[in-house]
Undergrad: 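Starting off with a structure, shown below.
The figures that follow rest on heavy atoms only: side chains count, while hydrogens, waters and symmetry mates do not. Note on naming: letters A, B, ... go to the chains in the order of the sequence lines (proteins, then strands), and numbering restarts at 1 for each one.
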There are 4 protein chains.
Amino acid sequence: MLMRAKTFTESGRRAQIVKAAIEVIAEVGFAKASFTRIAKHAGLSSTGMISYHFAGKDDLLAACVAEIEEVTGAFMGPRIDAAEGHVAQLRAYVESNVALVGEHPAAVRALIDIVKNGAAQSAAVNGRLALVEEHFRAGQAAGVFGPFDARTAALALMTGLDAVVATAAAAPPDPTELARLGRELAGLYVRATAPDPEGDPA
Amino acid sequence: MLMRAKTFTESGRRAQIVKAAIEVIAEVGFAKASFTRIAKHAGLSSTGMISYHFAGKDDLLAACVAEIEEVTGAFMGPRIDAAEGHVAQLRAYVESNVALVGEHPAAVRALIDIVKNGAAQSAAVNGRLALVEEHFRAGQAAGVFGPFDARTAALALMTGLDAVVATAAAAPPDPTELARLGRELAGLYVRATAPDPEGDPA
Amino acid sequence: MLMRAKTFTESGRRAQIVKAAIEVIAEVGFAKASFTRIAKHAGLSSTGMISYHFAGKDDLLAACVAEIEEVTGAFMGPRIDAAEGHVAQLRAYVESNVALVGEHPAAVRALIDIVKNGAAQSAAVNGRLALVEEHFRAGQAAGVFGPFDARTAALALMTGLDAVVATAAAAPPDPTELARLGRELAGLYVRATAPDPEGDPA
Amino acid sequence: MLMRAKTFTESGRRAQIVKAAIEVIAEVGFAKASFTRIAKHAGLSSTGMISYHFAGKDDLLAACVAEIEEVTGAFMGPRIDAAEGHVAQLRAYVESNVALVGEHPAAVRALIDIVKNGAAQSAAVNGRLALVEEHFRAGQAAGVFGPFDARTAALALMTGLDAVVATAAAAPPDPTELARLGRELAGLYVRATAPDPEGDPA
DNA sequence: CATGAATGAGTCTTCATTCAT
DNA sequence: TATGAATGAAGACTCATTCAT
């Protein structure tokens, strides 16, 4: 207990509360995730406890997002990095995101619910979109993606991905089915972003 | 509850309240759309009025969804019907949905907010998905769509469409830009659902 | 109950709550006059009731001040008007204010407590000071008051008056003693504001 | 509670906390001076520290009052003692109290705020009143003060003095203006307490 | 001596719903 | 039909105090 790095989510209680909050959000949705419910889920006797450890609801939310992204990044990052080329990485992104459902269903559901409600305007959420958008632009420059509007595509495809993932997370299927779902969606997205085939020879 | 004389949106008062509710939801979001706020917006002196005309919040919500879909259908329906072929209809669907933002921004924003919050799991929402899914299957049978998973594609693409529309509705651009956005997104989706090009000539 | 003028403090419930609030403030002080306590004192089952009738604590407070000033004005006004000359009016002001304790002890205590805590920055409080200050200036112009700093004197004397009144209100003495107290204080103030006696004959 | 080794303000830590408390009370007012705020202002990591050193909020408050009175006494005492005669001492009391604002504005504001809220009914406050009352009686016996009610005058005048001082302390003016204010108020009080001039020669 | 996490009652406010009129 | 006052639970948040370490 002593000589602990005391990182961001640390202090034991904070971590416990964050964990409970994520699970509650995943269960009942962000809108109904009250301090009371979270405290009860965490086995705390009062909501004062939460207010003691977090500056407010926004603060708790931010901590949840940070925690989820850490977990998410740890899972998806290596898988994406292992892929070579913009197309393969897009595929890896989609597939690993879907696969994540099998590992951390609560985290996935919670994050999506938070994002949906626009509760976390932080760099976190916008960052993801910007990253994908940039990835699209880079791929377009490299000639492996078509000349679509990168920003619009990023928004549409990532949100669609979220929806599929959220649906899957609601009742996590077995890994095999999950993998199929990932490949399926990745294929859809790869086709959507591919260069127009007919344009070349003509 | 018994002897509902009028039609669907019936009674004038109901219509007035529904209209106010839609505008309030579009303005402040579903989560903050309380009876009090809606009553004030509608020029009613108390919330009792609302409770009197609607069985509960869910009922009001359902009425809003119904109203929005009527408006939506009236706008998109003819445009979709005018298109020939599954691909052209998909394109018409996407483009007219985006164009709708220019006509009924409040309705569009409200509906998406309601859907996001999962408040209306009713036939309404699922119905749209089922319809699109069926459209995909039909197109696949006709050979104009590829062999993708129709259900997953419907979910991903429609949700992505919602996100783009919601973003646009937040600050409605001029019709020209809106049209471009529609074509852009439609192109993305047409490509995503197209048959695999390499397989054909060989 | 019908065809009632519906003035400011009206609606029955509002008046009831204001009355309770004044009594509670008089009893336990402004700082401890919570909605809970006021509701209990008023025989209401919940604090929501208060929030329903008043926009917030400030609103309730303003209503209390308005009510108190109406009562106060009705008592003091005629007595002050009946006096002739600036000095006599000052005396009437002080004496009637002290006498008021015998009539509305709760109102007096509550108002002073509210003023002390600076909770009501409204015209109400500042208005009184400004009025007295103006009265002093007019008397000075008429030659019946000395050349003191009108603003400072108004502040010091009125606050001193409040303190005496508050003390008396804490345990209202009989009218005779109250009258003596009023005359006593009035004498003090009349002397304080009198022209310098030595300057005259010389 | 037993065997308090040090003196009154003892222990360094106590002094530090008292200093912080006084500043906080002067800044945000007594009502909002929570342990949390005081601890933060004092650079302490938790409020437990305060509870450890003081039996309760009342205890801390008493310590603040004591500290302020020590400071106040050190400033006003010599100035009052330097004056000769009851009238001159009254004048010295008022003037030095007003002048104190220029030296210790925080202490002055804090004390007045504490007194206003009646938080310290302790010997401290009543003591001051009793002292002044006694001074009046002595002066009356010596024939330099008029035959007014000593208790009432002490209450009214001292409270008025507090109000003037508090107002000045809110935005401390330059020493010159402060001195003028002191003389002004002292003159008012000297007149108020003077023997009736008309009665003598006639 | 000192810490700081924990407590639980307390703050005001908002909410959807009910009910007598 | 319509009204609007009443309800009471729930909302986030603050507070002074306690206690094991």
Undergrad: When rounded to the nearest 0.5 angstrom, what distance separates CD1 in B:Ile17 from CZ in B:Phe54?
TA: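 So the gap between those two atoms works out to 5.0 Å.
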
Undergrad: Determine whether a donor-acceptor pair (N or O, by modelled atom type, separation under 3.5 Å) exists between the side chain of D:Asp113 and the backbone of D:Phe30.
TA: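 The answer is yes, because a donor-acceptor pair under 3.5 Å joins these two groups.
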
Undergrad: On DNA chain F, nearest-nucleotide positions of C:Leu44 versus A:Phe35: which is more 5'?
TA: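 It is C:Leu44, whose closest nucleotide lies nearer the 5' terminus.
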
Undergrad: Under 4.0 Å, counting only non-hydrogen atoms across every strand here, what does A:Ser46 touch: a base, just sugar-phosphate, or nothing?
TA: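 Here A:Ser46 touches the bases of the nucleic acid.
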
Undergrad: Should D:His53 be listed as having a side-chain N or O under 4.0 Å from OP1 or OP2 of E:dC1?
TA: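 Answer is no, no contact under 4.0 Å.
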
Undergrad: Nearest of F:dA16, E:dC15, E:dT7 to any side-chain atom of A:Met49?
TA: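 Of the options given, the side chain of A:Met49 lies nearest E:dT7.
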
Undergrad: Please state whether the phosphate of E:dC1, meaning OP1 or OP2, lies under 4.0 angstrom from any side-chain nitrogen or oxygen of D:Arg13.
TA: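 No, outside the criterion.
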
Undergrad: Go through the N and O atoms of the side chain of C:Thr36 and the base of E:dC12, and report whether any donor-acceptor pair is under 3.5 Å.
TA: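 Counting by modelled atom types and ignoring angles, no donor-acceptor contact under 3.5 Å is found here.
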
Undergrad: From CG of D:Asp59 over to P of F:dA16, roughly how many Å is that when rounded to an integer?
TA: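 For the pair D:Asp59 CG and F:dA16 P, the rounded distance is 14 Å.
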
Undergrad: Does a nitrogen or oxygen in the side chain of B:Ser34 sit under 4.0 Å from OP1 or OP2 of E:dC15?
TA: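 Yes, because at least one side-chain N or O of B:Ser34 sits under 4.0 Å from OP1 or OP2 of E:dC15.
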
Undergrad: Please confirm whether the shortest side-chain N or O distance from A:Ser45 to OP1 or OP2 of E:dG8 is below 4.0 Å.
TA: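 Result: yes.
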
Undergrad: With a cut-off of 6.0 Å (strictly less than), are more than 12 heavy atoms of other residues, nucleotides or ligands near NZ of A:Lys57?
TA: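 Enclosed.
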
Undergrad: Quick check: any donor-acceptor pair below 3.5 Å linking the side-chain of B:Thr47 to the base of E:dT17?
TA: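 For B:Thr47, whose side chain was compared with the base of E:dT17, there is a donor-acceptor pair (under 3.5 Å).
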
Undergrad: So, is C:Ser51 close to the E:dC12 phosphate, meaning a side-chain N or O under 4.0 Å from OP1 or OP2?
TA: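 For C:Ser51, the contact criterion (side-chain N or O under 4.0 Å from OP1 or OP2 of E:dC12) is not met.
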
Undergrad: How far, in whole Å, is F:dT21 from E:dC1 if one measures between their P atoms?
TA: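 23 Å, rounded to whole Å.
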
Undergrad: May I ask you to evaluate whether A:Tyr52 reaches the phosphate of E:dA5, defined as a side-chain N or O under 4.0 Å from OP1 or OP2?
TA: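 Checking E:dA5 against A:Tyr52, a side-chain N or O does come within under 4.0 Å of OP1 or OP2.
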
Undergrad: Could you measure the distance from the CZ atom of A:Arg37 to the CD atom of A:Glu27? Nearest 0.5 Å is fine.
TA: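 Rounded to the nearest 0.5 Å, the CZ-CD separation comes to 9.0 Å.
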
Undergrad: Just the rounded figure in Å: distance from P of E:dT13 to CZ of B:Arg37.
TA: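 For the pair B:Arg37 CZ and E:dT13 P, the rounded distance is 15 Å.
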
